K.L.:
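The structure follows.
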Amino acid sequence: MPDRFYLTTAIAYANNKPGLHTLHEVIAADAIARWHRMRGIPTRFLTGTDEHSVNIAIRAAEEGVTSRQFVDDKVALFRAAEDALLISPDRFIRTTDPDHLRSAQEMVRRAYANGDIYVGRYEGWYCPNEGFRNPTDVLETAAGTICPNHPDVPLQWLTERNWFFRLSAYQDRLERWYADHPDFVQPDYRRNEMLGFIRAGLEDFSISRAGAGWGIPFPIREDGSSALLPDGSWDPQAGTIYVWWDALINYITGAGFPDDPDLFARWWPADLHVIGKDIARFHTLFWPAMLWSAGLEAPRRVWVHGWLLAQGERMSKSRGNFLDPLDFVAAFGADGARYVALREVAFDRDSDVSWDAFIRRYNADLANDFGNLVNRTVTMAGRYLGGERPAARLAGDSPLGSAWDAVCDRCFDRLEGCLINEALEALWEFVGAANRLVEVEQPWALAKAAKAGDDAAAARLRGVLGDLVEACRLVALAAAPVMPGAAPRVLAQLGYAYGWGPDGNGGPALLDELAWGAHAAEPGTLARPEPLFPRLEIEAPAG
RNA sequence: GGCUGGGUAGCUCAGUGGUAGAGCAAGCGGCUCAUAAUCGCUAGGUCACAGGUUCGAAUCCUGUCCCAGCUACCA
């Protein structure tokens, strides 16, 4: 068992309210974090927002508010949505946090001291409305080169002096790193893509922008002197830190760099970065090299997930085909929302999702299969045994008990591999087995025979219901990282205590609790049955 | 254009040489403990298309069509 686990999500761009497609990654990471916490592994889970860019400054000006006010408003929306989804970060980091400024600037100083950054020229097509455009994003037309989003605005070819990072110097080290750490980037096909990119040759990239803007001040002047002015402000002539040298560095800021060396030594390197495929290159090539330049270790693993699609199209705010997380929680409840999001989306690739598919999944898996299993189990035990909790049979004497270990192993294996949807699939096959056991054993018939004086039937009834109670306990606990709100409610109906806190910390070791019959010897009383996941008949929300 | 991966039941997908599979959705039946739930059965596929290798191909080879990803500096 690892002695600690540090995981992060990408930080979301704070320019709008969050969509489900953005928070899906955070839900998944939260489940992984809880999975570690509940096992008793000290866990640090970092998520947050990326708040610097000229675009944000422009948007804020358009709305007549300061950039700071603008991002504060957006961050409040993210935090509200994440609270509704029971997201439990150990720190919610903002790139506008004061310690992040120190962190990013320190990284620049270290790269400079190491000889890895130099002043160069960044050239490119510049759209007055959008800034620098990638050469692949501009169109060559008879009227000249234009920006596809603003065809009437002439593009300008601009040259800007700014700082570059010597990524080219890390080509060999990156190749060796990939060779020595075959699990660094997952899934494998993403790793292969990155390997192909490395082999094609790495070029330096720019890490600053000229002029003072809404960003972290670049701490060094062109002559190498500090850009700190006597009054404590930064020389605007030094410019600002650009994009990745700001955003990526949140992962070490969030672990204590550079203010708290002890904390940083405890949590770095990160065990897992969870990111989307659009930013894989920055996390798996730029980021290790940046860290090495500063004398720090590369992260241990980067998981690259796909996108949520609606009818084949990527969900996005600009397309308008996204789901509001608050609508989602209102319809499914926090646990239902987390479950269907993680069960319907294959975490290693793009997945087409729809409101109808979420409803079908909720009704089939939660209302019908699992919710109803708990309900019928608690009802039967209450009716036939007077509410006294029956003990599970020995694993070898029970079809469910003898199947459990294999289910558990497969579920754990998939969780470790970030394939949360497959972990849940494995668990729900066991739910199906439990429902089938009810049909085979027909406890109502056993109860009738027992009432007529058949002692063997009475013993069998207790055993079967004990197995079913145990199955409900185990599934609720194994699914608790995904449905942290539902698990204590299930355990309460079964007459068991739930020892973990709202963030999954503080309880007993989960793996011990997930042994078949772990509490078979303890007497207990079942509570009144109460539907956990009411069946849904609702329509998609308007808009 | 180049490289990689895919196109299998209405939907989402599994299946790398031996008589086509799962879940959901649909139809029929059983049961009654349960949230009209659950259990069983049925139906539904020239496995993108065309050739080839083989006793035998969804699976291997060739070609074609279609889709997706990667092919450097967006936050």
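No experiment lies behind these values; they were computed from the predicted model shown.
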K.L.:
Give one of base, sugar-phosphate or nothing for A:I11, where a contact means two heavy atoms less than 4.0 Å apart.
P.N.:
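Nothing, no nucleic acid heavy atom in range.
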
K.L.:
How far, in whole Å, is B:C49 from B:C66 if one measures between their P atoms?
P.N.:
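To the nearest whole Å, 15 Å.
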
K.L.:
Heavy atoms only, 4.0 Å cut-off, all strands: where does A:G201 land among base, sugar-phosphate and nothing?
P.N.:
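Here A:G201 touches the bases of the nucleic acid.
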
K.L.:
Indicate, with a heavy-atom threshold strictly under 4.0 Å, whether A:I207 touches base, sugar-phosphate, or nothing.
P.N.:
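Touches nothing.
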
K.L.:
NA contact type, A:I279, heavy-atom cut-off 4.0 Å: base, sugar-phosphate, or nothing?
P.N.:
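Here A:I279 touches the bases of the nucleic acid.
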
K.L.:
Base, sugar-phosphate, or nothing: which does A:P443 touch, judged by heavy atoms less than 4.0 Å apart?
P.N.:
nothing

K.L.:
Within this structure, what is the CG-to-C1' distance between A:N372 and B:C31, rounded to whole angstrom?
P.N.:
13 Å

K.L.:
Base, sugar-phosphate alone, or nothing: which one does A:T379 contact when heavy atoms must sit under 4.0 Å apart?
P.N.:
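The residue A:T379 makes sugar-phosphate contact but no base contact.
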
K.L.:
Taking only the P atom of each, what is the distance from B:U12 to B:C61 in whole angstrom?
P.N.:
27 Å

K.L.:
For the side chain of A:A367, starting at C-beta, report the closest nucleotide among B:U35, B:G23, B:G69.
P.N.:
B:U35

K.L.:
For a quick check of understanding: with a heavy-atom distance under 4.0 Å over all strands, which category does A:Y384 fall into, base, sugar-phosphate or nothing?
P.N.:
sugar-phosphate

K.L.:
Taking the same atom, C1', in B:G18 and in B:G5, what whole-Å distance lies between them?
P.N.:
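Going atom to atom, C1' in each nucleotide, I get 27 Å.
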
K.L.:
To the nearest Å, give me how far apart CG (A:D356) and P (B:C24) are.
P.N.:
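Checked: the CG to P distance equals 17 Å.
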
K.L.:
For residues A:D99 and A:T253, is any side-chain donor paired with an opposing acceptor at under 3.5 Å?
P.N.:
no

K.L.:
Identify whether any heavy atom of A:G371 sits under 4.0 Å from a base atom; if not, whether one sits that close to sugar-phosphate; answer base, sugar-phosphate or nothing.
P.N.:
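Contact class for A:G371: base.
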
K.L.:
Please report the distance separating the P of B:U16 from the corresponding atom of B:A48, rounded so that it comes out in whole Å.
P.N.:
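Pairwise P distance, B:U16 against B:A48, rounds to 15 Å.
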
K.L.:
Closest to the A:E439 side chain: B:G40, B:G30, B:G69?
P.N.:
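Closest of the options to the side chain of A:E439: B:G30.
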
K.L.:
Taking side chain as C-beta onward, heavy atoms only, is A:H52 less than 4.5 Å from A:V243?
P.N.:
no

K.L.:
Between B:C74, B:A72, B:G23, which one does the side chain of A:Y122 approach most closely?
P.N.:
B:C74

K.L.:
Expressed as a whole number of Å, how far does the C1' atom of B:U19 sit from that of B:G23?
P.N.:
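The same atom, C1', in both gives a distance of 24 Å.
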
K.L.:
Between the side chains of A:D204 and A:S168, does any donor sit under 3.5 Å from an acceptor?
P.N.:
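Looking only at side-chain atoms, A:S168 and A:D204 do form a donor-acceptor pair, the distance falling under 3.5 Å.
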
K.L.:
Does a side-chain N-to-carboxylate-O contact under 4.0 Å join A:E203 and A:R166?
P.N.:
no

K.L.:
Which nucleotide wins on minimum distance to the side chain of A:P531, given the candidates B:G69, B:C74, B:U35?
P.N.:
B:U35

K.L.:
Would you mind pulling out the nucleotide paired to B:A20, Watson-Crick or G-U wobble, both distances under 3.5 Å?
P.N.:
none

K.L.:
If only side-chain N and O atoms count, and only distance matters, is there a donor-acceptor pair under 3.5 Å linking A:T8 with A:H273?
P.N.:
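Yes.
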
K.L.:
A:S208 and A:Y122: side-chain donor and acceptor closer than 3.5 Å?
P.N.:
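Absent: no donor and acceptor within the cut-off.
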
K.L.:
Show each protein N/O and nucleotides 2-13 of chain B N/O combination with a separation under 3.5 Å, one pair to a line.
P.N.:
none

K.L.:
Between B:G7 and B:C13, how far apart are the two C1' atoms, rounded to whole Å?
P.N.:
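13 Å, rounded to whole Å.
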
K.L.:
On the nucleotide B:U38, are OP1 or OP2 found under 4.0 Å from the side-chain N or O atoms that A:N368 carries?
P.N.:
yes

K.L.:
Can you check the A:M380 CE to B:C33 P distance for me, whole Å?
P.N.:
9 Å

K.L.:
Scan A:D369 against the nucleic acid and name what it touches under 4.0 Å (heavy atoms): base, sugar-phosphate only, or nothing.
P.N.:
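Contact class for A:D369: sugar-phosphate only.
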
K.L.:
Which part of the nucleic acid, if any, lies within reach of A:N435 when heavy atoms closer than 4.0 Å are counted: base, sugar-phosphate only, or nothing?
P.N.:
sugar-phosphate

K.L.:
Counting any heavy atom closer than 4.0 Å, what does A:R535 reach on the DNA or RNA strands: base, sugar-phosphate only, or nothing?
P.N.:
base

K.L.:
Considering only distance and modelled atom types, tabulate donor-acceptor pairs under 3.5 Å from the side chains of residues 421-430 of chain A, sequence neighbours left out.
P.N.:
unit_1, atom_1, unit_2, atom_2, d
A:E422, OE1, A:R414, NH1, 2.9
A:W428, NE1, A:D365, O, 2.9

K.L.:
Quick check on RNA chain B: between A:R361 and A:V431, whose nearest nucleotide comes earlier from the 5' end?
P.N.:
A:R361

K.L.:
Taking atom C1' in both B:A9 and B:A26, compute the distance separating them and give it to the nearest angstrom.
P.N.:
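The same atom, C1', in both gives a distance of 12 Å.
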
K.L.:
Quick one: list whatever passes salt bridge (charged side-chain N to carboxylate O under 4.0 Å, His left out) with A:E441, sequence neighbours left out.
P.N.:
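For A:E441, the residues satisfying salt bridge (charged side-chain N to carboxylate O under 4.0 Å, His left out) (neighbours in sequence not counted) are A:R460.
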
K.L.:
Specify whether A:F286 and A:F282 have parallel, tilted or perpendicular ring planes, treating 30° as the upper limit for parallel and 60° as the lower limit for perpendicular.
P.N.:
perpendicular

K.L.:
Determine the Euclidean distance between corresponding P atoms of B:U8 and B:C60; express it in Å to zero decimal places.
P.N.:
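Here B:C60 and B:U8 have their P atoms 16 Å from each other.
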
